[in-house]
Amino acid sequence: MTSYECGSLTVAVAALLISIFIPLSQFVYAKTRRTSLRIIPFDRCPLLLHFGDSGSALTFKFSLACKGKPCIVRSIRACVKSDSLPQTTFLWESLMPIGLNWANAGAQLIQMNTATLAHPLLLNDTSLQPLNIVFSRDDPEWNVLMCRRRELLLGLNRVSDISLASDGSADELQLRDLREQMQEKSLWIAGDYTLKLKILFDADGEYEKEFKFALNEEDSNLLSRNAVLMTSAANQTNYYSAMLNVN
């Protein structure tokens, strides 16, 4: 075999090996890559505590960074606990918009609110997804109180605010009792809390991160007073919420 033939054979074998090695290495690299997630809270008051028609709930604003490999986020859960509150799990309910939309109607400013039901999210590799998520929980006892509230308010034939009535009528006594029961159902009592976000992604992936926040006495009392608005004959839709920072 001549030197030319040996050289040609060597080049051919090398080309064959390279053609096999490159796709194989790409396949191995793709299989060994892992999804890496990171939660980055918004800077200013990313946490909002609610106590309203749906009971105790919370809204958390953060960005979700994905690196290494694309993934599908199946669910996001918020677990909250404190000295006075055993660990309570809230499931994501809706995705609120990040931007603010409003319109001017003469001298009046109208804010237009939209929301999307929580659904699986596709995160691409090296992406940053801002989220504004409302977390709530199923509470059968609270649902019973809300049914009782509707029945009482529908049965009233008054125009004035029921919360200001003091005639000692049966309706007023029932509403006062209902109001006290609703206030007792508020989970947001002054104190220090731990918030753990748990993200479930792909088939069996999990990512968790803990945050700390504190609720003062004033905010706790104001949240509890929302029960007065909920048992009012006036059609109240806006309730007090506590804006908090997290550590």
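- Expressed to the nearest 0.5 Å, how far OG of Ser82 lies from CD of Gln87 amounts to 11.0 Å.
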In sequence, state the C-alpha distance, the side-chain angles, and the governing distance for Phe60 and Ile133, and then conclude on side chain to side chain contact (heavy atoms under 4.5 Å, CB included).
CA-CA 6 Å; Phe60 196 32; Ile133 304 179; 5.7 Å; no
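- Each of Ile76, Leu121, Asn132 was scored for a side chain to side chain contact (heavy atoms under 4.5 Å, CB included) with Leu95, with one residue passing: Leu121.
- Taking the six-membered ring where the residue is Trp, the centroids of Phe211 and Tyr193 are separated by 6.0 Å or more.
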Step by step, would you call Arg148 with Leu178 a side chain to side chain contact (heavy atoms under 4.5 Å, CB included)?
CA-CA 8 Å; Arg148 183 182 170 201; Leu178 174 62; 4.1 Å; yes
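- A donor atom on one side chain and an acceptor atom on the other are not found under 3.5 Å apart for His50 and Ser56.
- Judged by distance alone, with hydrogens and angles left aside, the side-chain atoms of Ser224 form no donor-acceptor pair with the main-chain N or O of Asn221 at under 3.5 Å.
- In this structure the side chain of Met230 reaches within 4.5 angstrom of the side chain of Tyr239, judged on heavy atoms.
- In this structure, Arg150 does not pair ionically with Asp53, as no charged nitrogen and carboxylate oxygen lie closer than 4.0 Å.
- The side chain to side chain contact (heavy atoms under 4.5 Å, CB included) test with Arg137 singles out one residue from Thr88, Val80, Thr89, Leu91, and that residue is Thr88.
- The number of heavy-atom neighbours closer than 6.0 Å to CD of Glu141, taken from other residues, nucleotides and ligands shown, is 12 or below.
- You'll find the ring centres of Trp142 and Phe51 inside the 6.0 Å limit.
- Nearest approach of Trp92 to His119, heavy atoms of both residues: CH2-O, 3.1 Å.
- Side-chain atoms of Thr59 never come within 3.5 Å of backbone atoms of Val134 as a donor-acceptor pair (strictly under, hydrogens ignored).
- The shortest side-chain heavy-atom distance between Leu200 and Val73 does not fall under the 4.5 Å cut-off.
- With Lys67 contributing its side chain and Ser36 its backbone, the two residues share no donor-acceptor pair below 3.5 Å.
- The residues Lys81 and Asp192 are annotated as not salt-bridged, no charged nitrogen and carboxylate oxygen being separated by less than 4.0 angstrom.
- With salt bridges taken as basic N to acidic carboxylate O contacts below 4.0 Å, one links Asp139 and Lys185.
- In Arg74, the CZ atom is crowded: over 12 heavy atoms of neighbouring residues, nucleotides or ligands sit closer than 6.0 Å.
- Between Phe213 and Trp188, the ring planes are perpendicular. Angles over 60° get that label, and only those under 30° would be called parallel.
- Lys61 NZ: more than 12 foreign heavy atoms inside a 6.0 Å radius.
- Ile199 places none of its side-chain heavy atoms less than 4.5 Å from the side chain of Glu206.
- In this structure, Cys45 and Asn245 approach most closely via the heavy-atom pair N-OD1, 2.7 Å.
- When Ile72, Leu128, Leu37 are each tested for a side chain to side chain contact (heavy atoms under 4.5 Å, CB included) with Leu123, only one passes: Leu37.
- Looking at every heavy atom in both residues, Ile189 comes nearest to Ser84 through CB-OG, 4.2 Å.
- Under the 4.5 Å side-chain criterion, counting only non-hydrogen atoms from C-beta, Lys69 is not in contact with Arg34.
- If you take CD on Glu151 and CZ on Arg149, they are separated by 12.5 Å, rounding to the nearest 0.5 Å.
- Side chains of Thr231 and Arg179: a donor on one and an acceptor on the other come within 3.5 Å.
- Applying the 6.0 Å contact sphere to CZ of Arg225 captures no more than 12 heavy atoms from other residues, nucleotides or ligands.
- Minimum heavy-atom separation, Asn238 to Leu229: O-CD1, 4.0 Å.
- In this structure the side chain of Cys71 reaches within 4.5 angstrom of the side chain of Cys66, judged on heavy atoms.
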